[in-house]
Amino acid sequence: MSEITNLTAKEINAGLVSKKFKATEVMQAFLSQIESHDGELNAFISLNEKAMDQAQAVDQKLAKGEDIGILGGVPVAVKDMLCTNGLKTTAGSKMLENFIPPYSATVVNRLEKSGAIVIGKCNQDEFAMGSSNETSFFGNCKNPWNTEFVPGGSSGGSAAAVAARMAPISIGTDTGGSIRQPASFCGVVGVKPTYGRVSRYGIVAFASSLDQAGPLSRTIEDSSLVLESICGYDEFDSTTSKEKVESWSSSTENVSLKGLKVGLPKEYFQDSIDPDVEKAVESAKKNLESMGCEFVEVSIPHTKYSVPIYYIIATSEASSNLARYDGVRFGHRSNFSEKPAADLLDFYCRNRGEGFGAEVKRRISLGTFTLSSGYYDAYYNKACQVRNLLRQDFVSAFKQCDVILSPVTTTPAFKIGERISDPITMYKNDIFTTSTNLAGLPGLSLPTSLSKDGLPIGIQLTASHFEETKLLGVARALEKMTSFEGRPSNV
Amino acid sequence: MDIDKVATLARLNLTEEEKVQFKTQMDSILSYFNELNEVDTSGIEPMVTPVEVGQKLRDDKPVVWENIDQVMENAPEVKGNLFQVPPVV
Amino acid sequence: MYNDWEPVIGLEIHAQLNTESKIFSNDSTSFGNGDNQNVSPVSLGMPGALPVVNKKVIENSIRTGLALNCQIRNKSVFSRKNYFYPDLPKGYQISQFDEPICEHGFVEFNLDGKTKRIGITRAHMEEDAGKSTHHGDYTLINLNRAGVPLLEIVSEPEIKTPAEAAEYARTVRQILRFLEVCDGNLEEGSLRCDCNVSVMKKGAKEFGTKVEIKNINSFRFVEKAIEYEISRQIEVIESGGEIFQETRLFDSTKNKTYAMRKKEQAHDYRYFPDPDLLPVVFKQEWVEEIKKSLPELPRDMAARFQSEYNIPEYDALVLTQEKELASFFEDVAKLSKNPKSASNWVMVELQRELNEQKLDISQSPVSSKRLAKLIELIDTKVISGKIAKTVFALLLKEDKDPDVIVKEQGLVQITDSGAIEKMVDDVIAASPNQVEQYRGGKDKLFGYFVGQIMKASKGQANPEMINKLLKEKLKG
């Protein structure tokens, strides 16, 4: 059975179609892997009790010779930010501890339409606010490579689940690096598509103008497959694009990189970067050069402002997006039978004060302040203006190059508890990932090497808006050249 | 920054400890944010969202959504098919 | 009027736009469905639910803006107005802030024989909140209304009197109803009218502190509430007090405004552009297309009625108060070819009947076709004006054409001079005393003879012919 859990989504789907194994066997294999390892890793908040039944339905389809879809029979782990009809969706928060949505996110509907089966819901930072998974109400998820380390965040559970072979593919959400950073920390592929590629309908909103869901997997091919399934216009999300969705799993195979221009933003290599991370970028550069890529220095002058812009915009939007968690229609309500509400203000303050954890309260407070009367222009509006300048930086840079190569983070995974008490340091670690979201660009993290401590390191590739084909093509070629052994030894 | 005012505006009960901690952290975060003042943004449009195309409009056709029962099951307190809250007048 | 004080009045009219579905979700807007039945994740503010704009709302807003002489923004922005209230599911209301769809318009109306123009600052789209009902120790929330589309029409603060305010509001309602974008029902809340009132010393440059009055459900009360509020403010200031910026409610039974319980918190709505909704951008062609499809508006229609039908301004204004009434009148005028008479019948006889029966013109028991026929019967002298009233009364009860009624009831006017002459002769023969007195100079008795002849003819004899023959015969 351990063999099955080592297969990619593509291989599982092919194996099912060629009747090498059954969907129920596949599901059982992954459930057993979860059973053996998730006690320690805590990558899942809940499991789908109907997963085996759904696998059986796939087997029945196969028996009748019916089409099972491009992800038919493939288990998918879904971050707990995505609503799943009838299956608890918590966003990693006490606020939604018992919330069972009566609808599914468009992403979940599309995955299911492609035949994928939701195996369970992944642990995450509370409301995706964090980069270490330490803010989850359901306890820290751990890094499968070394359980003393964080898996990254906020999609830590999604990254850990794939790294630990508890699911071949997973879905995360990325607001400022929340897919790419944990992918890098856990040694898996993570893709944040262009803003507007993937519907946000039914995904718990953190920061509306930045949030974008995307796949985590062990190969670029699998992520491409997932993207084919989830991307595209959705009538329930006004911000989705009608841009063509390609068959990336096939179109990105064997792309020639000859003459392709790769940009290295000079501002990205000024901060203190961990030598292992620097080495990873250097070796990716060599590999790309060997395939015929040309390297050009580009400039993103507003890089140093990306973290402040990001935190102002993200917290401002979040302060409003999280206002709906008030304990009126769903979510946590304080025990008023024990101690009645003094007034309406008390009703709200208690529900929200108890339901949200410290980091969420800190960010809501920050965002409330940056939008408040007298401060709006200095913070929110100013940040939006600089955001525009940052976007223009990228537009200019992409006139000189096809993709940008950079680190994902300044360091590999850090130890649990190491940074939680220092929000600014934690925030500053997002320097390379936040600008992608601010500009709305597609980006991905590809695992390339291990640090001297045996922790995975990924490199980041970023492309221009809607240039996923190019982005995935380059990544796939680079993946072939990279000798990354993607399996943590203890799982 | 007046943490009490912000907490009230955001409808959050904070413990005294949280207030002290948040105030210190937020003051330093805000001064970090003030780095933005170095940038001359006169005449620059604020960018609200990365999407540049205009709004896609929906046709005016009502659709009945049938899962209201599950919504009421999620609700902390209901009376009939209505949400119940403490008196607000 | 108010000694040396000058009131400053501005109105905010919230009009519920007539659409089948809500502004940001496809829930039905139909009235009277069960509790929380017109809802979905979007209107319930469930996690991850997103707004999608209803095209009809934009279209109706443009229509209204054009009719209110506004400039239409080809790019307008939805913003979030953040505040907590149990019937506001998302914790923010999606509204428009600094880039509303309509700006800089005006309406005109007649008041005391003069044309008055009131500026419109803006008209913006927003979603309605739900409904809270209070039951002592708890409150219940129904979200059927949450997300119903509203257009908030804000006047310039240049209304000078309570009567002007009421007339302004009536005019806006009239236009909305002509456009068929809002049914304008104040009692059901599909039209809500909030009044901002302040007073200042005559000629002062700066406005006084304004007070907002809510909860007014008729135009008559708009006038009364403002009237009360002006006097109250003047009184407070003159007695050395101070006016606070606050919201007051109008109590129509006591004819007074009173302050709402003090708000717990000062408002800071933290408006910012809604990142879930891109700016609403449309081509000028769409606006032009809508402009072409605009119906004739009340004031244009009234002017046309005056010139085309040669009826007095007063009649034209009354007849154009409601679109259906105007079109009813036009049908009658055209079919009967007698606009003046059509106007009289519609405004007097029919209106009285409708008022009595509390009916709308669309429910009129007499169709325009039948009323026109009735006028035609008078004009062709088939019946007299007096008989026509009898026929009209019968039309209200019976589903028959007027000529059928006239025939069945034998109400046709007698115009046969031989028959009338015989009746005249009979009456003269039967009243020798009166004849003698008349001939002796008692002219007033003429009416007596007419009455007798009318009686004999059951009112059907042509009065002109009676007059003529009677005069000749009485001369002897």
(request) Using a cut-off of under 4.5 Å on heavy-atom pairs, state which of C:Val42, C:Asp274, C:Leu44 scores highest against chain A. (result) C:Leu44
(request) Could you look at C:Tyr271 and say if it's the side chain, the backbone, both or neither that has a heavy atom under 4.5 Å from chain A? (result) backbone
(message) Please classify the contact between C:Asn82 and chain A as side chain, backbone, both or neither, with a heavy-atom cut-off of under 4.5 Å.
(response) side chain
Taking side chain as everything from C-beta outward and backbone as N, CA, C, O, which of these in [X] sits under 4.5 Å from a heavy atom of chain C? Side chain, backbone, both or neither.
X	result
A:Thr370	neither
A:Val328	side chain
A:Phe127	neither
A:Tyr325	side chain
A:Pro102	side chain
A:Tyr375	neither
A:Tyr201	both
A:Asn381	neither

(message) Only heavy atoms, only distances under 4.5 angstrom. Which residues in residues 88-103 of chain C are near chain A?
(response) C:Pro89, C:Lys90, C:Gly91, C:Tyr92
(message) Is it the case that the side chains of C:Arg80 and A:Ser320 hold a donor-acceptor pair, with the cut-off being a distance below 3.5 Å and no angle test?
(response) yes
(message) Side chains of A:Arg329 and C:Asn36: any donor to acceptor distance under 3.5 Å?
(response) no
(message) So A:Ser372 and C:Tyr269, do their side chains get closer than 4.5 Å, heavy atoms only?
(response) no
Should we count [atom1] of [X] as having more than 12 external heavy atoms under 6.0 Å?
X	atom1	value
C:Gln284	CD	yes
C:Lys56	NZ	no
C:Lys131	NZ	no
A:Lys94	NZ	yes

(request) Measure the spacing between CZ of C:Arg270 and OG of A:Ser316 and express it to the nearest 0.5 Å. (result) 10.5 Å
What heavy-atom pair brings [X] and [Y] nearest, and what distance separates the two atoms?
X	Y	answer
C:Asp276	A:Thr239	O-CG2, 3.7 Å
A:Ala323	C:Phe84	O-CE2, 3.4 Å
C:Pro273	A:Tyr376	CD-OH, 3.5 Å
A:Phe330	C:Pro47	CZ-CD, 3.6 Å

(message) Tell me if the centroids of the rings in C:Phe272 and A:Tyr380 come within less than 6.0 Å of each other.
(response) yes
(request) May I have the step-by-step check of side chain to side chain contact (heavy atoms under 4.5 Å, CB included) for C:Val52 and A:Glu235, ending in yes or no? (result) CA-CA 8 Å; C:Val52 181; A:Glu235 58 173 329; over 6 Å; no
(message) Could you check whether any side-chain N or O of A:Ser238 sits under 3.5 Å from a backbone N or O of C:Pro51, counting only pairs where one atom can act as donor and the other as acceptor?
(response) yes
(request) For C:Asp268 and A:Ser373, indicate whether the former's side chain and the latter's backbone hold a donor-acceptor pair under 3.5 Å. (result) yes
(request) Before giving the answer on side chain to side chain contact (heavy atoms under 4.5 Å, CB included), spell out for C:Met46 and A:Tyr103 the whole-Å C-alpha distance, their side-chain angles and the decisive distance to 0.1 Å. (result) CA-CA 10 Å; C:Met46 304 286 280; A:Tyr103 53 97; 3.1 Å; yes
(message) Strictly less than 4.5 Å between heavy atoms, which residues of residues 360-367 of chain A line up against chain C? Please order them by number.
(response) none
